[in-house]
Every structure is written in C-alpha cells, then in structure tokens.
Amino acid sequence: MFPGAVADRTDAAYAVVGAPLDVSTTFQPGTRFGPRLLDHVAESFSDYDQHTSKRFTDLGVYDHGPIRPGDDAAEFLDFLRGTVWEYRQDGVVPLVVGGEHTVTVGALRGIEPDVYVCLDAHLDLRESYNGNPLSHATVTHHALDVADRVVILGARAGSEAGWTRAEDDDRITVVPPEDVPSWEPSFDGEDAYLSVDIDAADPGFAPGTGTPEPFGLDPQTMHAVVRAVAPHCVGFDTVEVNDRDDGQAATLAAKLLRAFVFAHADD
C-alpha cells in the first residue's frame, strides 16, 4: 500500500492506480517495478508538507493497487481507461503510477482532459515505433486524439518528423529544458492532465529510466512545475521509473507525486 493511504475507498479524494506495463521499452526495461519501488521509497517521507502546512494522511489518498498487465497492451489500456473513468465519475483524482509511458494513453482516454501537460525528455510524436502503434514513443501522438492541446516541458530528443510536426501544429507547445524554469502555466478554465516522465530529469538525478537523455531538468524545476500545474488538473501520472539505479528515480517520482497531491489539495 502507498504510505499514508486511507484504507476505505469511500474516503478517497485521490486514488493511486499502479500500472506496471513494461512491453515496449526500447533500451532499459524494468518499468514493471515502478509502482513497487515508489511504494518502498515513500515509506521514509515525512507526513507533513511545509509548503502547504498539510499532512498527507489527511488528504484522502486511496491505494487502488496495481492493474496486472498481460501481453496485450491494447487490452491493458482499455482496462486502465475504465478504472480511471470510474474514479473520475466519483469525483476522485486518479494518480497513475507506471510502468512505461504508454499507460498515459489509457488514463487520458478515461479522463478526456482539455490540455495534456508532460514533463518529458522526448517528443513521443511517432505514429508507431518498430511497427508498434502503442509504443511508449507514441504517447503524445495519441494524446492529440483526446486533448485539445499539449505542452511538452523539457523535450530534447525526437525524430525529424516529430520536430517538424511540433513546429507546424499549433496545438503543440514544446518548451526546451533551458526555458522550463521561466515557463508559467496558462489555463483558461481548462481541465489539465499532468504526466511526469521521470526521464525529463537529467540522468544524473534519475538514472533509473528506460531511455535516459543528458542535459535535462533538475529536481527543483520539476517540483516547481508540478506544484504550479497541479491546481488545474483532473489527473496525474508518473512513469518510466525502473530498477536500474539505487532508488534515485523512484524517490524523485514519489516525491513529485506527493507534491502534486499537496498542491492540488491546497488549491
């Protein structure tokens, strides 16, 4: 169980949904261990948040537990979509813990936000990768089928076609790493969904991820973004944590999840 979670679903304001899908990672697999690792490292965190003067145990975070994946990504995403949709209908904010970034597609389909905001090293605008239309490299492409617009913060890698598409499509905003600290969210009554791909962080801070990219974001910048975007959100996920480090990536991801809850509850 995620540390600090309430035992009764009827008390839930937030729901942690484990999504340990790990079928399309192209370099370093292991994202199936992400939910378990976040649970483990979060045990050491203080209950109290000095930024909001709130206690995590008072905020109604319920642990749904993991959705067990098979070998069919489409089936898994459909099941995740249904799970997230049910929580959304009950007024509960889903907190999805991956798993590879593909799980975001299922969550977006269940929530249908107006704006998709993502901290990510990669554009993820491919229509398919290695013949797979549900690859982790296609997430933003699928997000554009759901959301009215997308904002990618920290992107520093992508295909030539992806960069061209980002430049030509006015629904896509890409903020490079050097500009993220000065970026300010702008939502005109729009519902947002925030996805934190841990590879947005420079691998010096979070080496435990599938496709690390140098010249990334520092944890303080990611923390500021999460806290700024959270009040506008109807859903959240953190993805792409694997077991290839000593817990750095999982610790950062778990702390950002909690920062999202604190900031969202404080709004």
Side-chain angles (χ1 to χ4, degrees), residues 9 11-19 51-52 54 59-62 64 67 77-99 101-120 123-125 138-155 166 169-175 180 183-197 200 222-240 253 256-267:
R9 178 170 173 165
D11 296 328
Y14 305 89
V16 178
V17 180
H51 302 286
T52 60
K54 294 184 180 296
L59 300 183
V61 179
Y62 173 75
H64 176 90
I67 296 173
L77 293 180
D78 191 52
F79 195 88
L80 178 60
R81 179 203 61 78
T83 302
V84 166
W85 181 85
E86 289 179 4
Y87 278 117
R88 179 75 176 123
Q89 296 307 300
D90 291 339
V92 176
V93 178
L95 311 169
V96 177
V97 179
H101 207 170
T102 313
V103 303
T104 299
V105 178
L108 288 172
R109 290 172 177 171
I111 294 177
E112 297 185 343
D114 301 312
V115 186
Y116 170 61
V117 182
C118 184
L119 284 158
D120 200 334
L123 295 178
D124 290 346
L125 280 167
T138 68
V139 176
T140 308
H141 168 71
H142 290 292
L144 287 163
D145 291 334
V146 179
D148 296 330
R149 62 188 181 95
V150 303
V151 181
I152 311 169
L153 303 166
D169 191 334
D170 60 10
R171 298 178 300 163
I172 303 171
T173 300
V174 179
V175 182
V180 174
W183 176 81
E184 295 183 0
S186 177
F187 305 108
D188 187 13
E190 299 165 300
D191 288 335
Y193 180 98
L194 177 60
S195 177
V196 176
D197 185 331
M222 296 175 72
H223 184 235
V225 167
V226 169
R227 289 181 49 78
V229 176
H232 307 278
C233 286
V234 290
F236 170 88
D237 70 53
T238 182
V239 296
E240 294 289 339
L256 292 175
L257 183 152
R258 285 168 55 104
F260 175 90
V261 174
F262 282 123
H264 188 276
D266 194 49
D267 181 55

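- T238 OG1 to D197 CG: the interatomic distance, rounded to the nearest 0.5 Å, is 8.0 Å.
- Y116 OH to L144 CG: the interatomic distance, rounded to the nearest 0.5 Å, is 9.5 Å.
- Minimum interatomic distance between H101 and E240 (heavy atoms only, all atoms of both residues): N-OE2, 2.7 Å.
- Summarising the geometry, atom CD belonging to Q89 is positioned 10.5 Å from atom CD1 belonging to I111; distances are rounded to the nearest 0.5 Å.
- Counting heavy atoms from C-beta on, the side chains of F260 and V229 never come closer than 4.5 Å.
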Working note: L257 + V196, criterion side-chain contact (heavy atoms from CB on, under 4.5 Å); need CA distance, chi angles, decisive distance, verdict. CA-CA 9 Å; L257 183 152; V196 176; over 6 Å; no
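- With rounding to the nearest 0.5 Å, the separation of CG in D120 from OG1 in T140 is 6.5 Å.
- To the nearest 0.5 Å, atom NZ of residue K54 and atom CZ of residue R258 are 14.0 Å apart.
- Using modelled atom types, one side-chain atom of D169 and one backbone atom of R171 make a donor-acceptor pair closer than 3.5 Å.
- Looking only at side-chain heavy atoms (C-beta outward), L108 and Y193 come within less than 4.5 Å of each other.
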Show, in sequence, the C-alpha distance, side-chain angles and deciding distance for I172 and R149, and conclude whether the side-chain contact (heavy atoms from CB on, under 4.5 Å) test is met. CA-CA 6 Å; I172 303 171; R149 62 188 181 95; over 6 Å; no
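- When every heavy atom of L125 is checked against every heavy atom of A166, the shortest pair comes out as CD1-CB, 4.1 Å.
- Aromatic rings of H64 and Y87 (six-membered ring for Trp) have centroids within the 6.0 Å cut-off, being under it.
- D114 contributes a side-chain N or O that, together with a main-chain N or O of D191, makes up a donor-acceptor pair within less than 3.5 Å.
- A heavy-atom distance below 4.5 Å is found between the side chains of D90 and R9.
- Between R109 and H142 there is a side-chain heavy-atom pair separated by less than 4.5 Å.
- Other residues, nucleotides and ligands contribute more than 12 heavy atoms inside 6.0 Å of the CZ atom of F187.
- L80 pairs in a side chain to side chain contact (heavy atoms under 4.5 Å, CB included) with only one of the listed residues (T102, I67, T104), which is I67.
- No donor-acceptor pair closer than 3.5 Å links the side chain of T52 to the backbone N or O of A263.
- For I152 against L123, the heavy-atom pair with the smallest separation is CD1-O, 3.8 Å.
- Scanning both residues, H223 and A259, for their nearest heavy atoms gives CD2-CB, 3.5 Å.
- Heavy-atom minimum distance, V92 versus A15: CG1-N, 3.7 Å.
- Side-chain contact between V225 and L153 is present, with heavy atoms from C-beta onward closer than 4.5 Å.
- More than 12 heavy atoms of other residues, nucleotides or ligands sit less than 6.0 Å from atom CH2 of W183.
- To the nearest 0.5 Å, atoms CZ (F262) and CG (D267) are separated by 15.5 Å.
- A donor-acceptor pair under 3.5 Å is formed between the side chain of H264 and the backbone N or O of C233.
- Nearest heavy-atom pair, A19 versus V96, reported as atom, atom and distance to 0.1 Å: CB-CG1, 3.8 Å.
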